[in-house]
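Worksheet for the structure shown next.
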Amino acid sequence: MDNEAYINQLLANAREAQKVLETYGQKKVNEIAKAIARVVFDEADPLAKMAAEETRMGVYEDKIKKNQGKAKLVWYDLKDRKSVGIFRYIEDEGIVEVAKPMGVVGAVTPCTNPIVTPMCNAMFAIKGRNSIIIAPHPRAKKCAKHMEGLFHAAFEEMGVPKNIFQVIAEPSLELTNLLMKSADVVVATGGMGMVKAAYSSGKPSYGVGAGNVQCIIDKGYSLSESVPKIIAGRIFDNGIICTGEQTAISHEDDFDAMIKEFEKNGARIVKEDKELDKLREVLYPDGVINKEAVGQPVYKIAEIAGIDIPDGTKVIVVVPKEYGAAEYFAKEKMFPVLAAYKYKTWEEAVNIALANLEVEGKGHSASIHSENKANVEYAMSVLPVSRIVVNQISSTMTGGSFLNGLAATTTLGCGSWGNNSISENLTYKHLINVSRIAYVKPNAGNLTDEEIWDD
């Protein structure tokens with residue numbers, strides 16, 4: 001079977017299954033979404049092992065936590081939300097909103113998140129009564145195909161069509177492009193090239209931009225509170241998560257104490273020019289991130305750079321003299337390496353973060369450790385980011401958390417800054433069509449010109 005015929009067959013299967021799914025009520029739809037989350041939660045350990053082995057990146061134990069945590073969080077976030085039929089009355093406007101499916105979702109998923117991204121996309125799609133076809137990264141095709149088998153077994157027990165979830169078995173660029181051009185809506189999570197292809201597919205598309213989470217610590221804020229959180233975020237899954245902290249920007253009066261706190265918590269500090277040069281050379285050859293270093297443990301990063309680190313080192317903290325376009329370490333670091341900077345004023349701290357974001361990561365996220373709301377809100381007024389998390393671990397909480405109100409997801413829109421169509425966390429609401437009934441507004445009457453033009 002040639003590529004076009006193969007995609008057409010997947011689409012035919014998906015459309016047939018979606019027509020059945022479209023007849024289900026909210027209770028049944030919720031049961032299917034819950035079943036998907038439950039499969040990933042129950043199989044978290046073997047799925048994590050398979051992901052670590054196949055992709056050859058990340059941390060097996062962290063992947064277990066991610067599988068379990070996201071499964072619980074996404075289901076909890078979705079379970080009480082309406083997505084079938086009438087879901088909202090806006091009484092004072094006389095508007096009634098009705099949810100309807102989009103059809104077939106084509107989802108491109110990355111090797112950095114080979115389990116939870118397909119899980120989230122499937123839950124969002126099915127919550128909106130859409131079927132979904134996954135185009136996995138070639139380096140994660142076994143994971144995706146294994147998940148398909150697990151989901152199909154669960155669907156069979158429930159008596160629902162198995163083809164509401166399908167996977168391209170042998171993914172390629174041609175097959176992925178064919179899927180994006182043929183599906184009713186596209187969700188692309190991956191490199192900028194793939195996201196651009198999604199937006200060029202001619203179909204409604206949601207893509208994500210690159211991450212480069214700038215982390216600012218306010219003057220006098222507890223370093224014993226902030227530093228362990230920053231390290232936890234930076235090293236989670238060996239730094240491959242787009243929401244992971246990338247910098248630690250602290251006041252000059254606190255900087256030395258911050259460095260000592262990092263060392264106390266397992267950081268190897270790199271200040272000396274020769275060691276900085278070695279790291280730059282191996283991590284950013286010709287200014288481009290070294291793919292062989294992505295997702296590798298800290299000892300491997302040190303080994304390929306030829307620098308010594310003590311036993312028990314968790315993260316390498318570099319202290320470069322420059323930031324922004326003059327420094328490669330200002331870019332996204334998809335390995336357990338963090339850059340530290342000092343500032344004199346809060347405005348300078350925000351400007352350092354801004355300069356780094358101008359290099360990479362505009363539109364994504366930032367992290368602030370502070371009790372000063374005015375400072376947080378000033379930062380948000382200046383930084384071109386879609387979200388800021390405050391006093392939290394960005395890596396595991398920017399995609400939603402039981403501690404904040406952000407939508408639970410693995411796909412974070414970056415707005416026009418990141419060439420994305422949304423600047424919020426992708427969820428089921430982006431995969432439904434909304435029809436509106438417009439009644440005459442209550443107490444509506446003819447307005448006089450004076451009422452219309454009055455300030």
Side-chain angles (χ1 to χ4, degrees), residues 40 47-48 50-60 62-63 66-67 70 74 105-125 132-148 165 167-173 175-177 179-180 183 186-199 201 205-213 236-244 288-296 332-335 360-361 363-365 395-396 398-399 408-414 418-420 422 425-426:
V40 172
L47 286 170
M50 180 177 288
E53 290 177 350
E54 185 180 13
T55 65
R56 304 183 302 282
M57 63 175 68
V59 181
Y60 158 64
D62 287 348
K63 292 181 187 296
K66 183 163 53 174
N67 292 346
K70 278 295 183 184
V74 175
V105 178
V108 184
T109 58
C111 61
T112 51
N113 250 346
I115 304 299
V116 293
T117 296
M119 178 200 75
C120 285
N121 289 346
M123 292 175 71
F124 298 156
I132 185 168
I133 301 171
I134 301 290
H137 190 283
R139 199 166 157 178
K141 64 183 182 182
K142 291 179 183 177
C143 291
K145 200 63 183 172
H146 182 67
M147 287 178 68
E148 181 186 53
F165 181 94
V167 169
I168 294 176
E170 294 294 335
S172 67
L173 185 59
L175 285 170
T176 299
N177 284 332
L179 173 64
M180 291 192 293
V186 177
V187 178
T189 311
M192 292 308 297
M194 186 57 68
V195 172
K196 184 177 180 180
Y199 285 126
S201 67
S205 300
Y206 298 103
V208 296
N212 189 14
V213 177
F236 187 79
D237 216 8
N238 280 344
I240 58 176
I241 309 300
C242 64
T243 52
V288 178
I289 195 168
N290 181 354
K291 292 182 180 180
E292 297 303 314
V294 170
Q296 299 309 303
E332 183 180 27
K333 295 167 282 296
M334 299 180 71
F335 23 70
E360 194 165 53
H364 206 289
S365 310
S395 180
T396 53
T398 307
T409 193
T410 54
T411 302
L412 291 83
C414 298
N419 294 317
N420 298 168
I422 58 171
N425 290 6
L426 181 95

**Request:** For the pair Glu54 and Arg139, find out whether any cationic side-chain nitrogen is under 4.0 Å from an anionic carboxylate oxygen.
**Result:**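 Not counted as a salt bridge, because no side-chain N and carboxylate O are separated by less than 4.0 Å.
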If I compare all heavy atoms of [X] with all of [Y], which pair ends up nearest, and what's the gap?
X: Ala183; Y: Gly106; value: CB-N, 3.6 Å
X: Thr55; Y: Ala140; value: CG2-CB, 4.3 Å
X: Asp62; Y: Asp237; value: OD2-N, 2.7 Å
X: Ala125; Y: Val105; value: CB-CG2, 3.9 Å
X: Cys111; Y: Pro114; value: O-CD, 3.3 Å
X: Leu179; Y: Ala135; value: CD2-CB, 3.9 Å

Distance, nearest 0.5 Å, that separates [atom1] of [X] from [atom2] of [Y]:
X: Asn425; Y: Thr243; atom1: CG; atom2: OG1; answer: 10.0 Å
X: Leu175; Y: Glu170; atom1: CG; atom2: CD; answer: 9.5 Å
X: Glu332; Y: Cys242; atom1: CD; atom2: SG; answer: 7.0 Å
X: Ile134; Y: Cys143; atom1: CD1; atom2: SG; answer: 13.0 Å
X: Asn420; Y: Thr411; atom1: CG; atom2: OG1; answer: 10.5 Å
X: Phe236; Y: Thr396; atom1: CZ; atom2: OG1; answer: 6.5 Å

**Message:** Checking Thr410 against Lys70 for the side-chain contact (heavy atoms from CB on, under 4.5 Å) test, could you report, in this order, the C-alpha distance in whole Å, the side-chain angles of both residues, the deciding distance, and whether it holds?
**Reply:** CA-CA 8 Å; Thr410 54; Lys70 278 295 183 184; 4.1 Å; yes
Is it true that a side-chain atom of [X] and a backbone atom of [Y] form a donor plus acceptor pair closer than 3.5 Å?
X: Gln296; Y: Val294; value: yes
X: Thr409; Y: Leu426; value: yes
X: Asn212; Y: Glu360; value: yes
X: Glu148; Y: Ala169; value: no
X: Asn67; Y: Val40; value: no
X: Asn121; Y: Met119; value: no

**Message:** The test is side-chain contact (heavy atoms from CB on, under 4.5 Å); show your working for Lys63 and Leu47 and say whether it passes.
**Reply:** CA-CA 8 Å; Lys63 292 181 187 296; Leu47 286 170; over 6 Å; no
**Prompt:** Can you list the steps and then say if Ile241 with Met334 is a side-chain contact (heavy atoms from CB on, under 4.5 Å)?
**Reply:** CA-CA 7 Å; Ile241 309 300; Met334 299 180 71; over 6 Å; no
[X] vs [Y] side-chain heavy atoms within contact, under 4.5 Å:
X: Val167; Y: Pro136; answer: yes
X: Leu412; Y: His364; answer: yes
X: Met147; Y: Pro118; answer: yes
X: Asn113; Y: Lys66; answer: yes

**Request:** Can you sort out the partners of Phe335 under ring pair (Phe, Tyr, Trp, His ring centres under 6.0 Å), two or more places apart, ordered by chain and number?
**Result:** none
**With sequence neighbours excluded, residues passing ring pair (Phe, Tyr, Trp, His ring centres under 6.0 Å) with Phe124** =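 Phe124 satisfies ring pair (Phe, Tyr, Trp, His ring centres under 6.0 Å) with no residue once adjacent residues are dropped.
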**Asked** Could you go step by step and tell me if Thr112 and Met57 meet the side-chain contact (heavy atoms from CB on, under 4.5 Å) rule?
**Response** CA-CA 8 Å; Thr112 51; Met57 63 175 68; 3.9 Å; yes
**Request:** Using a cut-off of 6.0 Å, state whether more than 12 heavy atoms not belonging to Lys142 lie near its atom NZ.
**Result:** no
**Asked** Does a donor on one side chain sit under 3.5 Å from an acceptor on the other, for Thr398 and Ser365?
**Response**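 Absent: no donor and acceptor within the cut-off.
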